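A quick write-up on the structure given underneath.
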Amino acid sequence: MTEADGDTTEAAGGRRIAVLGEMLELGGEAVEAHRQVGRMAAENGVDLILAVGDTLAKQLALAAGAAGVPDIAMVGDNGTAAAYLASILRPGDVVLVKASRGGQLWQIAQALTGQPVTGL
């Protein structure tokens with residue numbers, strides 16, 4: 001998230017939605033790193049966080065909410081995330097999908113764009 005160009009998240013009349021999964025390779029710094037990502041989402045004007053995963057995703061979601069992201073949702077898997085997004089997306093919404101490769105969040109983007117969903 002620190003590398004995202006601010007211009008890529010500009011929603012033309014829509015919402016800024018960040019679908020964020022767990023960063024699986026951070027070791028002892030993992031909890032604080034996930035909290036920092038949640039805070040950064042708020043600082044960058046994200047309207048909705050969809051956290052995908054388990055304990056670390058929960059830390060991200062809690063920090064994002066505490067920092068001011070107005071809408072937070074949390075799901076445990078990519079299929080549920082894709083179904084949730086399909087039910088709430090509106091024209092003009094901008095969606096960022098980001099996680100560790102191990103989270104396979106590309107599956108969510110594939111599902112939303114009508115592509116075949118692939119695994120590793």
Side-chain angles (χ1 to χ4, degrees):
M1 185 126 174
T2 59
E3 297 175 14
D5 178 351
D7 291 339
T8 62
T9 60
E10 288 297 323
R15 297 170 294 174
R16 295 177 181 191
I17 299 172
V19 181
L20 303 173
E22 296 177 318
M23 300 174 285
L24 302 173
E25 57 283 312
L26 299 178
E29 299 174 14
V31 171
E32 183 52 35
H34 284 81
R35 290 176 180 157
Q36 180 62 29
V37 169
R39 291 188 292 269
M40 287 172 44
E43 292 168 8
N44 285 287
V46 171
D47 300 303
L48 167 66
I49 291 276
L50 175 56
V52 182
D54 195 21
T55 304
L56 294 173
K58 182 177 181 179
Q59 292 300 315
L60 188 155
L62 289 170
V69 174
D71 291 313
I72 308 289
M74 189 168 163
V75 298
D77 61 81
N78 294 345
T80 304
Y84 173 73
L85 285 168
S87 74
I88 62 134
L89 285 178
R90 301 186 300 235
D93 287 348
V94 174
V95 181
L96 167 76
V97 179
K98 183 69 178 116
S100 291
R101 182 171 170 81
Q104 301 182 41
L105 264 61
W106 68 79
Q107 295 173 336
I108 298 167
Q110 288 173 326
L112 291 176
T113 58
Q115 300 176 38
V117 176
T118 60
L120 288 176

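These figures come from a predicted structure and were not determined experimentally.
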Give the minimum heavy-atom separation between [X] and [Y], together with the two atoms involved.
{"X": "Ala57", "Y": "Glu22", "answer": "N-OE2, 3.1 Å"}
{"X": "Trp106", "Y": "Thr118", "answer": "NE1-O, 3.0 Å"}
{"X": "Ala41", "Y": "Ile49", "answer": "CB-CD1, 3.5 Å"}

Mind checking what makes side chain to side chain contact (heavy atoms under 4.5 Å, CB included) contact with Ala109, not counting sequence neighbours?
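Result, side chain to side chain contact (heavy atoms under 4.5 Å, CB included) vs Ala109: none returned.
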Sequence neighbours excluded, which residues qualify as side chain to side chain contact (heavy atoms under 4.5 Å, CB included) partners of Val95?
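Ile17, Val19, Leu89, Val97.
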Closer than 3.5 angstrom, by distance alone: can the side chain of Asp93 be matched with the main-chain N or O of Gly14 as a donor-acceptor pair?
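Answer holds: no.
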Kindly indicate, with the supporting measurements, whether the criterion side chain to side chain contact (heavy atoms under 4.5 Å, CB included) is fulfilled by Glu32 and Leu26.
CA-CA 10 Å; Glu32 183 52 35; Leu26 299 178; over 6 Å; no
To the nearest 0.5 angstrom, please state how far the [atom1] atom of [X] sits from the [atom2] atom of [Y].
{"X": "Leu60", "Y": "Leu50", "atom1": "CG", "atom2": "CG", "result": "10.5 Å"}
{"X": "Leu20", "Y": "Leu105", "atom1": "CG", "atom2": "CG", "result": "8.5 Å"}
{"X": "Met23", "Y": "Glu25", "atom1": "CE", "atom2": "CD", "result": "8.0 Å"}

List in chain and number order the residues that pass side chain to side chain donor-acceptor pair (under 3.5 Å) with Glu29, two or more places apart in sequence or in another chain; answer none if no residue qualifies.
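None.
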List the residues meeting side chain to side chain donor-acceptor pair (under 3.5 Å) with Gln115, not counting sequence neighbours, and say none if there are none.
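Result, side chain to side chain donor-acceptor pair (under 3.5 Å) vs Gln115: Thr113.
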Write out all pairs satisfying side chain to side chain donor-acceptor pair (under 3.5 Å) with one or both partners inside residues 54-68, taking only residues at least two apart or from two chains.
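Non-adjacent pairs meeting side chain to side chain donor-acceptor pair (under 3.5 Å): Arg35-Gln59.
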Should side-chain heavy atoms under 4.5 Å link Ile, Leu, Val, Met, Phe, Trp and Tyr, which residues sit in the same cluster as Leu24?
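So far as hydrophobic clustering goes, Leu24 is joined with none.
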Show which residues join Leu56 in its hydrophobic cluster (side-chain heavy-atom contacts under 4.5 Å, direct or indirect), or state none.
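In the cluster with Leu56 are Val31.
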Under the salt bridge (Lys or Arg N to Asp or Glu O under 4.0 Å) rule, collect the residues that match up with Glu43, sequence neighbours excluded.
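Testing Glu43 for salt bridge (Lys or Arg N to Asp or Glu O under 4.0 Å), a comparison that skips the adjacent residues, returns none.
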What pairs of donor and acceptor atoms, side-chain ones from residues 64-81 against any protein atom, are under 3.5 angstrom apart with sequence neighbours left out?
| unit_1 | atom_1 | unit_2 | atom_2 | d |
| --- | --- | --- | --- | --- |
| Asp77 | OD1 | Gly79 | N | 3.1 |
| Asp77 | OD1 | Thr80 | N | 2.8 |
| Asp77 | OD1 | Thr80 | OG1 | 3.0 |
| Asp77 | OD2 | Thr80 | OG1 | 3.0 |
| Asn78 | ND2 | Gly103 | O | 3.0 |
| Asn78 | ND2 | Gln104 | O | 3.1 |
| Asn78 | ND2 | Gln107 | OE1 | 2.9 |

According to a 4.5 Å side-chain heavy-atom criterion applied to Ile, Leu, Val, Met, Phe, Trp and Tyr, with indirect links allowed, do Leu62 and Val46 form part of one hydrophobic cluster?
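No, because Leu62 and Val46 fall into different hydrophobic clusters, even though each may have its own neighbours under 4.5 Å.
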